[in-house]
Amino acid sequence: MIEFFFFLFAAMAVLSAIFMVTQVNPVASVLYLVVTFFSLSGLFVILDAHFIAAVQIIVYAGAIMVLFLFVIMLLNLGSTQPSDLRRGLGRVLAGSVAVALVAIFARLLMAGGDVEGLGGSSALDPLLESSGAVAAVAEPLFTRYLVAFEITSILLVVAIVGAVVLARRRAP
Amino acid sequence: MSEGYLVDLALVLSAVLFAIGVGGVLLRRNAIIVFMCVELMLNAVNLSFVAFSRVHGIDGQIVVFFVISVAAAESAVGLALILAIFRHYESVDLELFRRLRW
Amino acid sequence: MSEAYDPILPGLILGLPLLGAALNGIGAFAWRENKTVPTIVGPLAVLGAFVVCLLNFAAMRAAAPHDPSLVPLWTWMRSGQLEIGVTLLLDQLSVLMTLIVTGVGGIIHVYSVGYMREDPGYSRYFSYLNLFIFFMLLLVLGANYPLMFVGWEGVGLCSYLLIGFWYENREFSDAGKKAFIVNRIGDLGFLIAMFLLFGVFGTLDMPTIFDRAPTTLLAGGVMVTAITLFLFLGCVGKSAQIPLFVWLPDAMAGPTPVSALIHAATMVTAGVYLVARSGVLFALAPFTQAIVASVGVGTALFAASIAVQQYDIKKVLAYSTISQLGYMFVAVGVGAYTAGIFHLMTHAFFKALLFLGAGAVIHAMHHAWDESGDHGDPNDMRNYGGLRLRMPITAATMWIGTLAISGVFPFAGFFSKDEIIWEAGIRGYAVLWGTALIVALLTAGYMTRLMVMTFHGTNRSFAKVGGDEAGANRSGESARGRLHEVPPVMWVPLAILAVLSAVGGWVQIPEVLPLPHVDLLHSWLEPVFAPALEVASGAAAGGAHGEGIAHEAPLGGGETFWAVMGTDLAILTIIVVFWRLSRRRYLPAAESSEPRGAASLLYHKWYVDELYDRLIVRPLLALWRGCWRIVDDRLIDGTVNGLGGVARVVGWTGSQLQTGRVSTYLLVFMIGALIILGSLAF
């Protein structure tokens, strides 16, 4: 049953990623990417990362992709645009780099062999059972990773200020 | 059926998505779509982290949490940059950005 | 036996002139207009040093003959084996030299008060002059070669400063540079000699070297010959001998008292002093001695021949100085060191006198012209004539100087010159002896010519004034009234020097003359030159050099005969020249034409300056121009520019990688990442 959903989400993710890359219309690309993110979110659930799955949908699919959509529409980059896909050598190069990357990853995965400790159940199972999906993430986040967490908040503030400054219209 | 091999499959999937992202970055000339491909690559890495966290513990998910935060910040700044560039060139075609030298 | 000699305040001998130089130097900036301070400080510093020298001289006379007194002041530098101290050497020779330097120097300082009174650089002048005295004393008193070299270079420096004293005049400052550069050639020889000495002895202390030289160095060997030849090169530069004499005539660009002090009485004698001081070394090198004597006699003849046809009064005296220095080198070259020092001393007296007298004439001419509004070259003897009526004291004193330099009995020059000629004769150097005699006659000739043109005949100074004959006479007469004797501050030094020139030779009267035998100088200097004479006689006994001492001149005749003969010939020459020239009518410089024939050759100083210009200066200039055009412009600049060009090409090539296209950067970045990942995988 789980395998079915896994393969379903996996297939959706790959296919919509390919469409995202190949669609000429940016709006369509954004929508395909959203589909990919939803599929990944489903995979996260299957892989016992329930909280991350929720954040994926809320932040990525919800906030970030809407931002992309906003910008595309603001700049009026609709379907009237000519195709921006490269041709000839550029296309060949892009394809071969991607294929080479897959080959390298395949080699690395095979060299690594089977992942250890896969005796049926997840290593996270006891933790999830004792404290639940959210608390399992929250507990280390606010203890061991507290400094990184706080710095992330500063980063976000800086990013907001930076975005405002950059996108501001210059006074003539 | 053992769930363990799902981790292996997730890693394979992650590699494929990452490669698609790289291919997209090189293939497209539209800056926004290139940017989206970078987001796809980030997500492929996130998938690897989540898969590994099933084996090694919860820390992988924490990293993913941070990656998502940073990606949010990055897309805000990146899109602002694209906006500023668009105002200058009236286009988002990467081939027009030729002043990034010396 | 009286007690040992103890130096009295030796530091003051050097300290007073240095202090004076410092005070006047400050004065040149601080109270430029104030002429009282330099007037007091300048001469007093030197006269104070003279008094200290006199005290030392008296103490040394009272004491028994002794080893040289060394006065170590402090250690100057120490490095490994090399240790050089600031040590003063006081022995009979150096004390005598300090007496000459400070005595004649002091007189000239007093004279300068009058001569330079109206010069705006008055304080600066006395600062240089005091500094010069300091360096000269350091040269004389230094107990090791490097310290002596400091003085050596110092007097060169002061000479440069004083020759170019009126530096606003391009010609004068060029003369200063010429003196400095020509001296530098000689100084190089001195330096090399010092290196060789240190290599052989491991020390540069003179007493040590002279002690060990007879045993360390092979007599007549290559090493000692090389050392002495290089030392002599230094002397040739400093004492203006062939071929480096060219700077001295040009050095007359300085104020006349400077010419008297530096270029006649003191600095130029440094070379003679050095040879005499290093007598032991020179005695070991007969070949060098022969060179020294030959150069000396050659210079004496050459310079005297030039002096015969010069019209510039200071040039005549300059060539005369070179000629007389040649005599001194003949003396030290044949090993008659005492005779050389004797002539050095008497020459200091009468040449200072002659220069100061010439200065007085120039001073008077300058003033008369300034007042009358007429102008001409105040140095040119053709513009003089008949001045004895206007300047009787100067004329009288200068006649004494002329008689002294011509070697007329009983003036100073007679005794010293006679001794040199005699010493050259009895040592078997017939050519030296004969040439020296001829030069003595030439000297009498050109000096008489100078005196006649300056002080006798009719005055030619104001011939140009007015139109017709009567007008010329009238205005000339009124202008001539302005020509008058110099003030006492200038003629008193002349008188003192005249007395010294007259009696200065009486310290050494040979016993062969029908006079009371006086032997002050020989016995005084005997301890200093004994080692050198010992070495020389040892060499002579060994048959290495010379035929020993004869007791008659090459043409026969004893010392008495030739002494009388010499003075008779000189007097005869003076009378003949006087008689011939006082009848001749000279034209003022502006109306004269250039001499022709042989006279022209002499007038142009045998074209030596032109020869050097062609042979040395121009090839060097061409070489340097070549270096500039080829080495500097092409090679060095080319290398630098070439390197720049290479960098530019490399940079341009590299910059082509930076296309400025984001997609290229992305592709390259991806390929780089692939390579890194691939290296992990495979």
Measuring heavy-atom distances to chain B, does A:L43 have an atom under 4.5 Å in its side chain, in its backbone, in both, or in neither? side chain
What side-chain donor-acceptor pairs closer than 3.5 Å can you find for residues 62-80 of chain B, not counting sequence neighbours?
{"from": "B:S69", "atom 1": "OG", "to": "B:F65", "atom 2": "O", "distance (Å)": "2.9"}
{"from": "B:S75", "atom 1": "OG", "to": "B:A71", "atom 2": "O", "distance (Å)": "3.0"}
{"from": "B:S75", "atom 1": "OG", "to": "B:A72", "atom 2": "O", "distance (Å)": "2.9"}

Taking it one step at a time, do B:N43 and A:Q56 satisfy side chain to side chain donor-acceptor pair (under 3.5 Å)? CA-CA 9 Å; B:N43 265 280; A:Q56 171 87 358; 2.7 Å; yes
Relative to chain A, which segment of B:L42 carries a heavy atom at a distance below 4.5 Å: side chain, backbone, both, or neither? side chain
Leading residue by heavy atom contact count with chain B [cutoff under 4.5 Å; candidates A:A100, A:A106, A:A148]: A:A148
Whatever's closer than 4.5 Å to a heavy atom in chain B on A:V59 counts as side chain
Interchain contact, A:Y145 with chain B, by part (heavy-atom threshold 4.5 Å): both
What is the minimum heavy-atom distance between A:S29 and B:R28, and which atoms define it? OG-NH1, 4.1 Å
Who passes side-chain contact (heavy atoms from CB on, under 4.5 Å) against A:L146, sequence neighbours left out? A:F142, A:E150
For chain A, find its close neighbours in residues 15-22 of chain B: heavy-atom separation under 4.5 Å, sorted by number, or none. B:A15, B:V16, B:L17, B:F18, B:A19, B:I20, B:V22
Does any heavy atom of chain A fall under 4.5 Å from the side chain of B:I58, the backbone, both, or neither of them? both
Those residues at least two apart in sequence (or on a different chain) that pass side-chain hydrogen bond (donor to acceptor under 3.5 Å, both in side chains) with B:S14 are B:S48
For A:M20 and B:L40, work out which heavy atoms get closest and say how close. CE-CD2, 3.7 Å
With a 4.5 angstrom heavy-atom cut-off, could you sort out which part of B:E90 is near chain A: side chain, backbone, both or neither? neither
Sort out for me which of A:I160, A:V55, A:L155, A:I46 touches chain B most, counting heavy-atom pairs under 4.5 Å. A:L155
Please determine, among A:F7, A:F68, A:F44, the option with the most heavy-atom pairs under 4.5 Å with chain B. A:F68
